[in-house]
Amino acid sequence: MPELAELKLTAQFINENAGNLKFTNIEKNPVHKGAEVISPFKKFKITSKSRGKELVLYLHDAESSDVLPIRMTMGMSGHFRMTNTGGEDKHAHLKFYNTDGTVLSFVDVRRFGKWKQGFEWSDNRGPDPTVEYDEFVENIKSNLHKIAFDKPIMEALMNQQYFNGIGNYLRAEILYRLPHVNPFISARDAIQQEPKILELCKAIPDLAFMLGGGRIKSWENPLGEMAATPETRRDLFQCYNRKGMSTIKDRNGRRFWFDPKWNSERILN
DNA sequence: CGTCCACGTCTAC
DNA sequence: TAGACCTGGACGG
């Protein structure tokens, strides 16, 4: 479930499903290399917030106002599910057991997701473009002289220090909606020439959120019927994974999807 | 069977 | 700037 909109939907899913329950213990799947998560509380409830591509779980002590944060990222395949005890997924790696017989699980087939008990947001990731839009814009404008913005805009959009939450499908959809912006020119030039890029860094994730997420695989689907239908997905995915579009591998080995009209411009350096 | 591919970071030459 | 980290689905022989 893993770009900005999916992280936001994940936090919402947790708040709707775990905020009133009483959790008692936490289990880590031994196959996962991550640290054990130890609850200092006998009973607790769980709430969550997302910011870009990070998510924080908050364990709230049932007996006091104490709160324990757990910083998480979802990797390529991480998501949360509620199941009954005994029905946990094979790839559930963190399991929060409830007194009512249900379990909140962090399910992550590829195990690229991570967690760190006792921490909230990383300081090397920028503001969330959807809920901290002014800070997001300021962070970019005041750093536009830096070398990160020498890179082509299609690559800079993946830099989480400035574009926290933008991933491979969002960069494609953002740039595709600016038909006059050459995705291979420097990020600095692109942003100065077309400040609307920054607005789309909010608008496209907002659209994805509204449609229930841009999820690509059905097994990453904790949202059930809320998830986008094939028809509404077409509003979101006009470029990424679409027949007729061009692709190129960027310097990070990620496939960038773009309008074929830019093919003559695609010189990386 | 085998090879390629996937919504993301990380760290090590 | 390669690879490493992982599983599994799609597709080819």
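Order of the sequence lines sets the chain letters (A, B, ...), proteins ahead of strands, with each chain counted from 1.
- No donor-acceptor pair closer than 3.5 Å links the side chain of A:Glu194 to the backbone N or O of A:Ile191.
- The side-chain heavy atoms of A:Val56 and A:Ile70, taken from C-beta on, include no pair separated by under 4.5 Å.
- The side chain of A:Lys90 places no N or O atom within less than 4.0 Å of a non-bridging phosphate oxygen (OP1 or OP2) of C:dT7.
- The shortest distance between the side-chain N/O atoms of A:His91 and the OP1/OP2 oxygens of C:dG8 is below 4.0 Å.
- For the pair A:Arg110 CZ and C:dT7 C1', the interatomic distance rounds to 7 Å; values are reported in whole Å.
- Here the side chains of A:Phe44 and A:Tyr58 are not in contact, with every heavy-atom distance at 4.5 Å or above.
- Atom name P, nucleotides B:dC13 and C:dC5: the rounded distance is 12 Å, in whole Å.
- What separates CG of A:Asp250 from C1' of B:dA6 is a distance of 14 Å, to the nearest Å.
- Across the P atoms, C:dA2 and B:dC5 are found 16 Å apart, a figure rounded to whole Å.
- Although no hydrogens or angles enter the test, the distance criterion places no donor-acceptor pair under 3.5 Å between the side chain of A:Ser122 and the main chain of A:Arg125.
- Whole-Å rounding puts the A:Phe106 CZ to B:dG8 P distance at 14 Å.
- In this structure, A:Leu170 atom CG and B:dG8 atom C1' are separated by 13 Å, rounded to whole Å.
- For A:Lys249, the listed nucleotide lying nearest its side chain is B:dC5; candidates were B:dC5, B:dC7, C:dT7.
- Using cut-offs of 30° and 60° for the angle between ring planes, the A:Tyr240 and A:Trp257 rings count as tilted.
- Not a single ring-ring contact (aromatic ring centres under 6.0 Å, His included) links A:Phe41 to another residue, sequence neighbours left out.
- For A:Arg255, the listed nucleotide lying nearest its side chain is B:dA6; candidates were B:dG8, C:dC5, B:dA6.
- Atom CZ in A:Phe256 sits roughly 14 Å away from atom P in B:dG8 (whole-Å rounding).
- A heavy-atom distance below 4.5 Å is not found between the side chains of A:Val131 and A:Phe136.
- Summarising the geometry, the separation between CD on A:Glu3 and P on B:dG8 is reported as 4 Å, rounded to the nearest angstrom.
- Residue A:Met76 contributes atom CE, which lies 13 Å from atom P of B:dC5 at whole-angstrom precision.
- Comparing the C1' positions of B:dC7 and C:dT1 gives a spacing of 23 Å, expressed to the nearest Å.
- Between the CG atom of A:Leu55 and the P atom of B:dG8 there is a distance of 15 Å, rounded to whole Å.
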Could you list the protein-to-nucleotides 9-13 of chain B atom pairs, N/O on both sides, closer than 3.5 Å?
| from | atom 1 | to | atom 2 | distance (Å) |
| --- | --- | --- | --- | --- |
| B:dT9 | OP1 | A:Arg125 | NH1 | 2.9 |
| B:dT9 | OP1 | A:Arg125 | NH2 | 3.1 |
| B:dT9 | OP2 | A:Lys53 | NZ | 2.4 |

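- If you check B:dC7 for Watson-Crick or wobble pairing at under 3.5 angstrom, you find it has no partner at all.
- Separating the P atom of B:dC1 from that of C:dC6 is a span of 23 Å, rounded to the nearest Å.
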